[in-house]
**Q** 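The structure follows.
Only this structure's heavy atoms are used, side chains among them; waters, hydrogens and symmetry mates stay out. The chains referred to below are lettered A, B, ... by the order of the sequence lines, with proteins before strands, and numbering in each begins at 1. It should be emphasised that the depicted structure is a prediction, and the values quoted were computed from it without experimental measurement.
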Protein chains: 2
Amino acid sequence: MPDSSESIELNIRDEFSASSARAAVVSVVRAYGIVQRLMATYFAQFDLTPPQFQLLTIVNRLRKPTQRQLARELYVSFPNVTVMLDRIEKAGLILRFPNVEDKREKLVELSERGRSLLKKIWKVHQEQLDLVMVGLTETEQKQLTRLLHKMIAAHTNTTE
Amino acid sequence: MPDSSESIELNIRDEFSASSARAAVVSVVRAYGIVQRLMATYFAQFDLTPPQFQLLTIVNRLRKPTQRQLARELYVSFPNVTVMLDRIEKAGLILRFPNVEDKREKLVELSERGRSLLKKIWKVHQEQLDLVMVGLTETEQKQLTRLLHKMIAAHTNTTE
DNA sequence: GCACATTAGTTAATGTATTAACTAATTGAC
DNA sequence: GTCAATTAGTTAATACATTAACTAATGTGC
């Protein structure tokens with residue numbers, strides 16, 4: 001049963017008190033957690049998860065996309081799209097049918113049920129988004145968006 | 001094969017162009033995605049995932065915490081801690097032993113291997129954090145942290 | 001001191017996400 | 001025209017995360 005006083009060494013740097021980068025990264029992660037929790041609770045009312053909702057909105061916007069297109073738009077792996085579509089197809093929210101011009105591809109579309117569910121959610125969705133940002137004024141929200149866009153741009157330029 | 005022009009209705013609000021809250025939420029989610037990707041790639045070198053690294057740092061800081069304490073500190077469910085500990089215990093990075101004063105509890109501790117791995121990572125971890133925020137000046141990083149803290153505070157006040 | 005509630009941890013079921021390894025359809029070199 | 005390479009999608013293995021349902025230990029009322 002080792003009673004180590006050895007972790008002191010690490011604890012010195014444990015706080016990273018000098019680093020503004022660390023503080024920023026940690027707050028991004030925390031903020032995301034809050035967004036996730038709020039949205040998950042909200043979407044559960046409709047028997048949806050936040051990623052499923054996101055998927056539905058993109059299927060709607062793209063109009064019969066291939067699964068490949070969906071993955072790119074969602075910034076998610078291709079197999080993940082397959083599995084997510086399997087589920088919401090089983091729930092009757094989307095339809096998949098092969099593209100006659102290229103039989104490798106499958107085109108995805110909202111079902112009548114998916115379309116009406118999306119309409120229903122949309123009516124109250126904006127209020128939820130406002131609720132997430134309730135602590136900030138509109139000016140601050142715009143400032144936050146600007147800063148995060150700048151941070152994001154530094155990576156998307158080099159990656160894509 | 002329904003060729004619907006029905007989604008137009010939704011597409012009107014699809015952009016949410018008027019909402020600064022939506023833009024802010026979306027950018028938080030995108031920024032988190034970038035943090036996740038970078039960190040996952042980085043930690044993979046050490047055969048760790050970001051949550052596993054986070055777990056190790058907290059075990060180190062708390063000094064023989066119970067699993068309950070870990071869950072609270074990680075903002076994660078209790079069963080999740082069990083499963084994550086199972087894995088990193090199997091990898092030989094932590095030890096679990098029952099608390100003699102309350103045999104329901106298990107105390108968690110870094111193994112020698114876990115401690116030395118953590119030390120190794122720590123040496124270069126700060127650089128990774130700086131890399132995430134490379135697009136922002138230090139002033140902007142602090143501004144970002146301040147805004148996110150304010151946003152977070154609006155929720156933690158009511159929730160905790 | 002015994003029954004009941006509480007607390008700590010685990011197990012099971014489900015959903016999200018990844019990479020690696022596969023099948024099937026298309027394209028392209030020759 | 002046929003064989004190889006590419007592309008679209010699926011399946012398998014693994015990890016993270018949740019809630020619900022369980023076991024085991026502790027504490028409390030009486």
**Q** Ignoring backbone atoms, establish whether A:Arg87 has a side-chain N or O less than 4.0 Å from OP1 or OP2 of C:dT16.
**A**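 Answer yes for this pair, as a side-chain N or O of A:Arg87 is under 4.0 Å from OP1 or OP2.
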**Q** Separation of B:Asp47 atom CG from D:dT14 atom P, in whole Å?
**A**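 So the CG-P distance, B:Asp47 to D:dT14, works out to 14 Å.
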**Q** Taking only the side-chain nitrogens and oxygens of A:Thr66, find out if one of them lies under 4.0 Å from OP1 or OP2 of D:dA8.
**A**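 Answer is no, no contact under 4.0 Å.
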**Q** Provide a list of protein-nucleic acid N or O atom pairs under 3.5 angstrom, restricted to nucleotides 10-13 of chain D.
**A**
residue	atom	partner	partner atom	Å
D:dT10	OP1	A:Arg96	NH1	3.3
D:dT10	OP1	A:Lys106	NZ	2.8
D:dT10	OP2	A:Gln67	OE1	3.4
D:dT10	OP2	A:Gln67	NE2	2.6
D:dT10	OP2	A:Thr82	OG1	2.7
D:dT10	OP2	A:Arg96	NH1	3.4

**Q** In whole Å, I'd like the distance from the CD atom of A:Gln36 to the C1' atom of C:dT16.
**A**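 Between C1' of C:dT16 and CD of A:Gln36: 10 Å.
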**Q** Do the side-chain N or O atoms of A:Thr49 get closer than 4.0 angstrom to the phosphate oxygens (OP1, OP2) of C:dT16?
**A**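 Checking A:Thr49 against C:dT16: at least one side-chain N or O falls below 4.0 Å of OP1 or OP2.
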**Q** If you assign A:Asp102 and A:Met84 each to the DNA chain C nucleotide with the nearest heavy atom, which residue ends up on the more 5' nucleotide?
**A**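 The residue closer to the strand's 5' end, by nearest nucleotide, is A:Met84.
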**Q** Once you round it to whole Å, what is the distance between P of D:dA15 and CD1 of B:Ile88?
**A**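 Result: 12 Å.
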**Q** Do the side chains of B:Glu105 and B:Arg68 get close enough for a salt bridge, i.e. N-O under 4.0 angstrom?
**A**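 Judged by the 4.0 Å cut-off on N to carboxylate O distance, B:Glu105 and B:Arg68 do not form a salt bridge.
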**Q** Could you check whether any side-chain N or O of B:Glu109 sits under 3.5 Å from a backbone N or O of B:Leu95, counting only pairs where one atom can act as donor and the other as acceptor?
**A**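 Checked: no pair found.
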**Q** Given atom CG of B:Leu55 and atom C1' of D:dA17, what is their separation to the nearest angstrom?
**A**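 Distance check: B:Leu55 CG to D:dA17 C1' gives 14 Å.
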**Q** How many Å lie between OH on A:Tyr75 and P on C:dT18, as a whole number?
**A**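 Taking OH of A:Tyr75 and P of C:dT18, I get 13 Å after rounding.
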**Q** Any donor and acceptor pair, going by atom type alone, linking the side chain of A:Gln128 with main-chain N or O of A:His125 inside 3.5 Å?
**A**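 Looks like no, no N/O pair under 3.5 Å.
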**Q** Does B:Ser77 have a side-chain nitrogen or oxygen under 4.0 Å from the phosphate oxygens OP1 or OP2 of D:dA17?
**A**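 The answer is no; no side-chain N or O of B:Ser77 sits under 4.0 Å from OP1 or OP2.
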**Q** Between the side chain of A:Gln69 and the main-chain N/O of A:Thr66, is any donor-acceptor distance below 3.5 Å?
**A**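 The answer is yes, because a donor-acceptor pair under 3.5 Å joins these two groups.
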**Q** Can you hop from A:Phe53 to B:Val26 via hydrophobic side chains spaced under 4.5 Å?
**A**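 No: no chain of side-chain contacts under 4.5 Å links A:Phe53 to B:Val26.
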**Q** To the nearest Å, give me how far apart OH (B:Tyr32) and P (C:dT16) are.
**A**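 In whole Å, C:dT16 P and B:Tyr32 OH are 15 Å from each other.
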**Q** Can a side chain N or O of A:Arg104 be found less than 4.0 Å away from OP1 or OP2 on C:dT23?
**A**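 For C:dT23, neither OP1 nor OP2 has a side-chain N or O of A:Arg104 closer than 4.0 Å.
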**Q** From NZ of A:Lys103 over to C1' of D:dG9, roughly how many Å is that when rounded to an integer?
**A**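 In whole Å, D:dG9 C1' and A:Lys103 NZ are 16 Å from each other.
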**Q** Would you tabulate the side-chain donor-acceptor contacts of residues 77-94 of chain A under 3.5 Å, counting partners in other chains and residues two or more places apart, or write 'none'?
**A**
residue	atom	partner	partner atom	Å
A:Asp86	OD1	A:Arg96	NH2	2.4
A:Glu89	OE1	A:Arg96	NE	3.4
A:Glu89	OE1	A:Arg96	NH2	3.0

**Q** Figure out the CZ/P separation between B:Phe46 and D:dA15, and round it to whole Å.
**A**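 Rounded to whole Å, this separation is 18 Å.
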**Q** Given C:dT16, is OP1 or OP2 found less than 4.0 Å from the side-chain N or O atoms of A:Gln52?
**A**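 For C:dT16, OP1 or OP2 has a side-chain N or O of A:Gln52 closer than 4.0 Å.
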**Q** Could you list all the salt bridge (Lys or Arg N to Asp or Glu O under 4.0 Å) pairs where at least one residue sits in residues 69-79 of chain B, not counting sequence neighbours?
**A**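 Only B:Arg61-B:Glu73 qualify under salt bridge (Lys or Arg N to Asp or Glu O under 4.0 Å).
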